[in-house]
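All residue numbers refer to positions in the sequence shown, counting from 1. In this text the structure is predicted, and so the values were computed from the model without any measurement. The analysis underlying the following values was restricted to heavy atoms, covering all of them including side chains, and did not include hydrogens, waters or symmetry mates.
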Amino acid sequence: MSTTQSERLRELLEPLVTSQGLDLEEIAVDSVGRKRVLRVVVDSDTGADLDAIADVSRALSAKLDETDAMGDVAYDLEVGTPGAERLLTEHRHFVRATDRLVKFQLAEDGELVARILKVDEDGLDVEVPGVKGRKATSRRLAFPDIARARVQVEFNRKDKKDMKEEEEA
């Protein structure tokens with residue numbers, strides 16, 4: 001049986017989030033002055049738009065109101081998605097980060113910045129950008145070799161749609 005409040009909240013709220021077509025990524029309860037803040041992070045393979053966030057927020061709020069999961073102390077509910085530089089910890093996170101630039105902390109080989117090309121059950125195929133005019137190189141990373149991975153923000157990133165339009169022009 002779960003003993004921490006976060007685990008109890010996860011057991012209570014995860015089925016509701018899942019029924020909305022989203023994954024429950026994180027739950028955190030923080031104290032801010034006299035109030036508490038319940039932060040719920042959700043996501044999906046196609047992303048979570050504002051309407052989906054609003055729908056799940058209303059559903060979670062109603063569920064919390066009908067239970068005593070947060071106790072008698074006032075709290076604020078904040079529902080959102082992972083940030084732009086999210087930490088990749090689950091297989092689905094790597095799948096969702098396909099075509100994104102990621103900074104890997106490798107178990108033995110230091111750091112590597114590369115674009116995820118393909119993800120399977122054993123690891124990932126990545127493309128390491130070329131430096132100073134050199135061509136990009138491909139590399140295979142097994143999941144056990146990855147100590148930590150975080151998506152990098154790219155301000156001038158072109159998505160597949162933009163690249164396809166350039167090729168047709």
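For the pair Leu12 and Lys63, the tightest heavy-atom approach, listed with the atom from each and the gap, is CD1-CE, 3.6 Å. Across Arg150 and Gln152, no two heavy atoms sit closer than the pair O-NE2, 3.2 Å. Listed here is the closest heavy atom pair of Pro144 and Ala107: O-CB, 4.1 Å. When every heavy atom of Val102 is checked against every heavy atom of Ala149, the shortest pair comes out as CG1-CB, 3.9 Å. Pairing each heavy atom of Ala114 with each of Pro129, the nearest pair is CA-CD, 4.1 Å. The minimum heavy-atom distance between Leu117 and Val126, with the atom names listed, is CD1-C, 4.0 Å.
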Test log, rule side chain to side chain contact (heavy atoms under 4.5 Å, CB included), inputs Thr89 and His93:
CA-CA 7 Å; Thr89 58; His93 298 164; 3.2 Å; yes
Where do Arg92 and Asp23 land on the salt bridge (charged side-chain N to carboxylate O under 4.0 Å, His left out) test, with the steps shown first?
CA-CA 10 Å; Arg92 69 177 179 265; Asp23 294 317; 3.7 Å; yes
Take Leu112 and Leu141, measure what side chain to side chain contact (heavy atoms under 4.5 Å, CB included) needs, and give me the verdict at the end.
CA-CA 10 Å; Leu112 173 70; Leu141 297 176; 4.1 Å; yes
Passes salt bridge (charged side-chain N to carboxylate O under 4.0 Å, His left out), Asp145 versus Arg140? Steps please.
CA-CA 10 Å; Asp145 297 336; Arg140 176 78 180 165; over 6 Å; no
Run the numbers on Arg10 and Glu26 for salt bridge (charged side-chain N to carboxylate O under 4.0 Å, His left out), then give the verdict.
CA-CA 8 Å; Arg10 178 173 286 279; Glu26 185 180 328; over 6 Å; no
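Screening Val40, Asp55, Leu24, Asp65 for a side-chain contact (heavy atoms from CB on, under 4.5 Å) with Leu60, the sole residue that qualifies is Val40.
Using a 4.5 Å cut-off on side-chain heavy atoms (C-beta onward), Ser57 and Leu77 make contact. A heavy-atom distance below 4.5 Å is found between the side chains of His91 and Val119.
The structure places CE of Met70 at 7.0 Å from CG of Leu64, a figure rounded to the nearest 0.5 Å. Considering CG of Leu101 and CD of Glu154, their distance stands at 4.5 Å, rounded to 0.5 Å. From Gln105, atom CD reaches atom NZ of Lys103 across 8.0 Å, with rounding to the nearest 0.5 Å. To the nearest 0.5 angstrom, Leu38 atom CG is 7.0 Å from Tyr75 atom OH. Distance check, rounded to the nearest 0.5 Å: CD1 of Ile27 to CD of Glu11 gives 10.0 Å. From Phe143, atom CZ reaches atom CG of Asp120 across 7.0 Å, with rounding to the nearest 0.5 Å.
Leu9 and Val37 fall into different hydrophobic clusters, where Ile, Leu, Val, Met, Phe, Trp and Tyr side chains are chained together by heavy-atom contacts under 4.5 Å. Val113 and Phe94 are members of different hydrophobic clusters when ILVMFWY side chains are connected at heavy-atom separations under 4.5 Å.
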Using atom types as modelled, flag every donor-acceptor pair under 3.5 Å from a side chain in residues 41-50 to any protein atom, sequence neighbours excluded.
{"from": "Asp43", "atom 1": "OD2", "to": "Arg86", "atom 2": "NH1", "distance (Å)": "2.8"}
{"from": "Ser44", "atom 1": "OG", "to": "Thr46", "atom 2": "N", "distance (Å)": "3.3"}
{"from": "Ser44", "atom 1": "OG", "to": "Thr46", "atom 2": "OG1", "distance (Å)": "3.4"}
{"from": "Ser44", "atom 1": "OG", "to": "Gly47", "atom 2": "N", "distance (Å)": "3.1"}
{"from": "Ser44", "atom 1": "OG", "to": "Gly47", "atom 2": "O", "distance (Å)": "2.7"}
{"from": "Asp45", "atom 1": "OD1", "to": "Arg96", "atom 2": "NE", "distance (Å)": "2.8"}
{"from": "Asp45", "atom 1": "OD1", "to": "Arg96", "atom 2": "NH2", "distance (Å)": "3.2"}
{"from": "Asp49", "atom 1": "OD1", "to": "Asp51", "atom 2": "N", "distance (Å)": "3.3"}
{"from": "Asp49", "atom 1": "OD1", "to": "Ala52", "atom 2": "N", "distance (Å)": "2.8"}

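A salt bridge links Asp109 with Arg139: the distance from a Lys NZ or Arg NE/NH1/NH2 to an Asp or Glu carboxylate oxygen falls below 4.0 Å. Between Lys35 and Asp76, at least one side-chain nitrogen of the basic residue sits less than 4.0 Å from a carboxylate oxygen of the acidic one, meeting the salt-bridge criterion.
Phe104 meets the ring pair (Phe, Tyr, Trp, His ring centres under 6.0 Å) test with no other residue; sequence neighbours excluded.
For the pair Glu127 (side chain) and Asp99 (backbone), a donor-acceptor distance under 3.5 Å is absent.
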